[in-house]
Each structure stands twice: as C-alpha cells, then as structure tokens.
Amino acid sequence: MHVLVVGSGAREHALLLALRRDPEVDALTVAPGNAGTAALADQYELDVTSGEAVIALARRIGADLVVIGPEVPLVLGVADAVRAAGIACFGPTRDAARIEGSKSFAKDVMTAAGVRTAGSEIVDNPARLDAALDRFGPAGGEPAWVVKDDGLAAGKGVVVTADRDAARAHAASLLEAGHPVLLESFLDGPEVSLFCVVDGETVVPLLPAQDFKRVGDGDSGPNTGGMGAYTPLPWLPDEMTSRIVDEVVKPVAAELVNRGCPFSGLLYAGLAITSSGPAVVEFNCRFGDPETQAVLALLESPLGQLLRATATGELAGQPPLQWRDGAAVTVVVAAENYPGRPRVGDVIHGAEPGSEHGGSVLHAGTARRDDGAVVSSGGRVLSVVGVGADLAAARDAAYRRIESIRLPGSHFRTDIGLAAAEGRISL
Ligand code: GLY
C-alpha cells in the first residue's frame, strides 16, 4: 500500500512513523512535510487546501490511500474531492467536518444527541455582547468566562479568564474581524482527549490522553495549539473511557448519520470529567496535536490497515487494537514568542529524529536551508516523545532528550504529565 500523508506537523511525522511499522505499507509520501519527515518519506510541495492539487499528487505517485492530517483541508472538502476521484481517503467529508469547523453546528448535534456539554450562547452582534457576558463567567456565578471563536482558530481562539475586561476584549476583537463568538459555561474537572476512529456508527477508541494547552508551567499564560501530552491516564478508570464512547461518541456518530453526514475518519472528543460525568469541551475532526505523537508511540496494531479499513467502510471487521505497555509523553519545543508571532529562521542543533535514551524527536515547524542546516519555521518547532515503563520513566526519557536540543529563545513546559505521575489527579 502506498500512503500519501497530507500535512506538515509533528502529528504527520508521528503518523508516518506508525505507518512505516505496518508491513502492508510499502511506500510513503508526505506533502508538504518538514525537515524531519523528509527522512521517512518522499516529500513534495503541496497546497493542502486544494482538492485538485491533492488528487494530482495522489495520481502522480500512485497513492492507494490519502490520509489528511490538518483540519483546514477537511473543513474545505478536500476529502470529498479525493474520494470523488476514486482514491481511498482517511478523513471526513466537509459536511461531517463541521463538527470542528463550526462550534454552533457541534452544539446543535450534541443537543440533538443528548450529549452533555457546556451551556453556550453565540453572539454575532456587538450590541448584545455585554448582556451576554453578564450571563456567563463570574457575573453568572462561574469561576471564569470561556470565549471562543465559532470557527477554526488553531486552538488559539479560546480565552478562559476571570477578568471581564480580557474576556470582553477577546470577544470584541473576534466580532470586529467578523467572527461570531461562542460564550460557554466553564466546565470544571480534569480534561481528557479521546480519539476514536469512526466509520458511520462504528467507533473504535484509541488510548485516552491529556494535553496541555496553556503555554507555561502550572497552566499559566495564554492558550496555544498544545504544549505537550501524555498517555494513558493512570487516574482515568477504563469504565470512564467506555462511558465516553457510549454516552458521547456513539450518540454523536449516530446523530451525524441521521443528518445524512456520516463521519469517517478520526473523531476527537475533548472532554472535562466533571463531578456529574464526562462533558464535551470540543470535538475535532482529525488527529490531535500533540496527543497523537504520544498515542501512536504506543500503538502496536498496523496503522495503515486501520486507516484503510476506515476509508473503505470496513472498520467494523478490524481486530481489536493492540497497545504496547507503559506510557508515552510528548513535550513541545516552541519558538521564542510563541503563541505570539514566533521567531523563525534559527538553526536547530540536536534535533536528529533518531531516538536517544528512549526519547525521539519529531519535527513540526522546521525546514531545510539551502546549506543543509535545519532551521525553525513555525511556532511549535519540535515534539520530543519519551516512552517508558510508566509515566515517570516516559517523562524522564523526553526531558533527557530535550537537553541535547539547542534552539535560541525556545521554550517548553517542564510539567507535562507531572501531576499525574505524582498521583495528584483524581476524579
Ligand atoms: N490538542 C489540541 C488539538 O489538537 O486541537
């Protein structure tokens, strides 16, 4: 099987590594990729938002399966175009991808499916903003305001704050840019990312993970696309994963079938485990980043066969997934000033993808300069993945590997998975 992976992040790097372990995958191409993925697959320039360009590349290389990593092409309908061209594609249709592309659509689906989620209100009229803010956050008796961009914002459209002025300023800037704003109730409780491979009403969960969205240790500073993750979650009983599948993911998958837009691909449920049970924070229509880098590090089942079976409507016939024992931790190394405008163009030393001390380096915002040097080219530059017998050992592997990386001005969180490793998370 020749697989074309579309995307350029550490998530795509992780997908390539896992696909390479599948004995039925005999050729790998990535587009546009990055400096690290070039060592694993043939690499081509690509406008990932153009269905025509993806089809042309898939035909040129003879791809049997196209795997679309990021949300933007999915929301734009690139998977529809690839399938219409007769090429198997892992990724939902444009209509199904609205579960991520439009928060109001996702809320509507969850309400119809009877799935618990935060109470919310869409504001598209600046004149109504102040009254709406008064119904949420501390003004409404909650610890904080949750203000989100209704559309895609790479994780950075969300502000959670107890400061009314900050909440108002974020909402006003979104409205000024013509983006409707979603105000949400604050969901209390530890967060879980549960990725499920979904084909219509067939739902296969992967290992639950937790990601770290704030830029700084102790969950300080602004939200980012994700600064780290770990899996599995020692504090989450297996029954809770089954409950999330039965009470959240299956009803949503069934509701999408009812609406004539069945989901095929990776449905990512972001949840808070509240005192009344799991409640949805968000859905995404693709593998999450950086959780994928940790989750796929523990996957033993052949990923190419799993994704192909999903793309061809045969997921229900797949054997149960097999996982390696132990734990995995991803720590993101970010460029100076990220999540603001990142400093780019710096030479990176010590980022060879090969693993050392049980830790390996996946590339995201990296590029190869004409003289051969690897340079930073984005906000989240590298994902360092540690694997170990338990969370403490996996953390140790990741942080030891980071010590040999040199990137001027870069920063990373030092507490990824720490509270869980120290037994400080409980339900
Ligand atoms: N981990 C957050 C995301 O992938 O959106």
Side-chain angles (χ1 to χ4, degrees), residues 5-15 48 67-75 90-92 97-103 106 117 146 148-160 182 184 187 190-198 205-216 219 221-233 244 249 265-273 280-297 328-334 338-339 362 364-365 378-385 412-413 415-417 420:
V5 174
V6 173
S8 62
R11 165 185 51 210
E12 285 73 28
H13 196 152
L15 285 164
V48 301
V67 177
I68 299 181
E71 61 276 18
V72 171
L74 294 167
V75 168
F90 182 85
R98 283 180 297 163
I99 199 78
E100 174 166 1
S102 163
K103 293 188 176 59
T117 181
V146 181
K148 296 184 176 177
D149 188 328
D150 182 56
L152 294 180
K156 289 179 271 175
V158 183
V159 163
V160 180
L182 188 84
E184 264 189 356
L187 289 175
E191 290 197 4
V192 174
S193 300
L194 187 67
F195 298 170
C196 294
V197 182
V198 173
L206 309 190
L207 289 180
Q210 190 176 53
D211 78 345
F212 292 74
K213 296 199 174 77
R214 300 275 189 163
V215 72
D219 290 330
N223 264 12
T224 67
M227 292 298 290
Y230 66 95
T231 186
L233 309 179
I244 295 168
V249 185
L266 195 290
L267 186 56
Y268 160 154
L271 309 119
I273 310 300
V280 174
V281 176
E282 65 180 2
F283 274 107
N284 294 317
C285 66
R286 38 78 198 174
F287 281 97
D289 187 343
E291 299 98 312
T292 299
Q293 293 88 302
V295 170
L296 293 186
V329 171
T330 311
V331 181
V332 169
V333 177
Y338 177 80
L362 308 189
R380 290 191 294 172
V381 180
L382 303 167
S383 277
V384 179
V385 180
F412 58 87
R413 279 185 66 157
D415 62 349
I416 304 300

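Each ligand, and each atom within it, is numbered from 1 in the order the structure gives. Owing to the predicted nature of the structure, the values given are computational and were not obtained by experimental measurement.
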Visitor: Indicate yes or no: does Lys213 engage Glu191 in a salt bridge with an N to O separation below 4.0 Å.
Guide: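 A salt bridge is present here (some side-chain N lies under 4.0 Å from a carboxylate O).
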
Visitor: Select the closest option to atom 1 (N) of ligand 1 among Asp211, Asn223, Thr292, Asn284, judged by heavy-atom distance.
Guide: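 Selected option, by shortest heavy-atom distance: Asp211.
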
Visitor: Minimum distance, heavy atoms only, to atom 4 (O) of ligand 1: which one of Arg286, Arg11, Glu71, Lys213 is it?
Guide: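 Heavy atom nearest to atom 4 (O) of ligand 1 belongs to Arg286.
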
Visitor: Based purely on interatomic distance, does Glu282 place a nitrogen or oxygen under 3.5 Å from a nitrogen or oxygen of ligand 1?
Guide: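 No, Glu282 has no N/O under 3.5 Å of an N/O on ligand 1.
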
Visitor: Can you find a non-hydrogen atom of Tyr268 under 4.0 Å from ligand 1?
Guide: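 In this structure, Tyr268 qualifies as a contact of ligand 1 - some heavy atom is under 4.0 Å.
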
Visitor: Please answer whether the main-chain N or O of Gly216 pairs with a side-chain N or O of Arg413 as donor and acceptor at a distance below 3.5 Å.
Guide: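 Yes: the side chain of Arg413 pairs with the backbone of Gly216.
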
Visitor: Taking 4.0 angstrom as the limit and counting only heavy atoms of Gly288, give me the atoms of ligand 1 inside it, by number and element.
Guide: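 Close to Gly288: 4 (O).
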
Visitor: Rounded to the nearest 0.5 Å, what separation is found between the CG atom of Leu194 and the CD1 atom of Ile244?
Guide: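 Going from CG on Leu194 over to CD1 on Ile244, the span is 5.5 Å.
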
Visitor: Test Tyr268 against every option in Glu291, Arg286, Glu100 by the side-chain hydrogen bond (donor to acceptor under 3.5 Å, both in side chains) rule and name the one that passes.
Guide: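 Output: one option passes, namely Glu291.
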
Visitor: Quick check on Ala229 - does any of its heavy atoms sit under 4.0 Å from an atom of ligand 1?
Guide: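 For ligand 1, residue contact (heavy atoms, under 4.0 Å) with Ala229 is absent.
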
Visitor: Can you tell me how far the CG atom of Leu271 sits from the CD atom of Glu282, to the nearest 0.5 Å?
Guide: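 Interatomic distance, Leu271 CG to Glu282 CD, rounded to 0.5 Å: 9.5 Å.
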
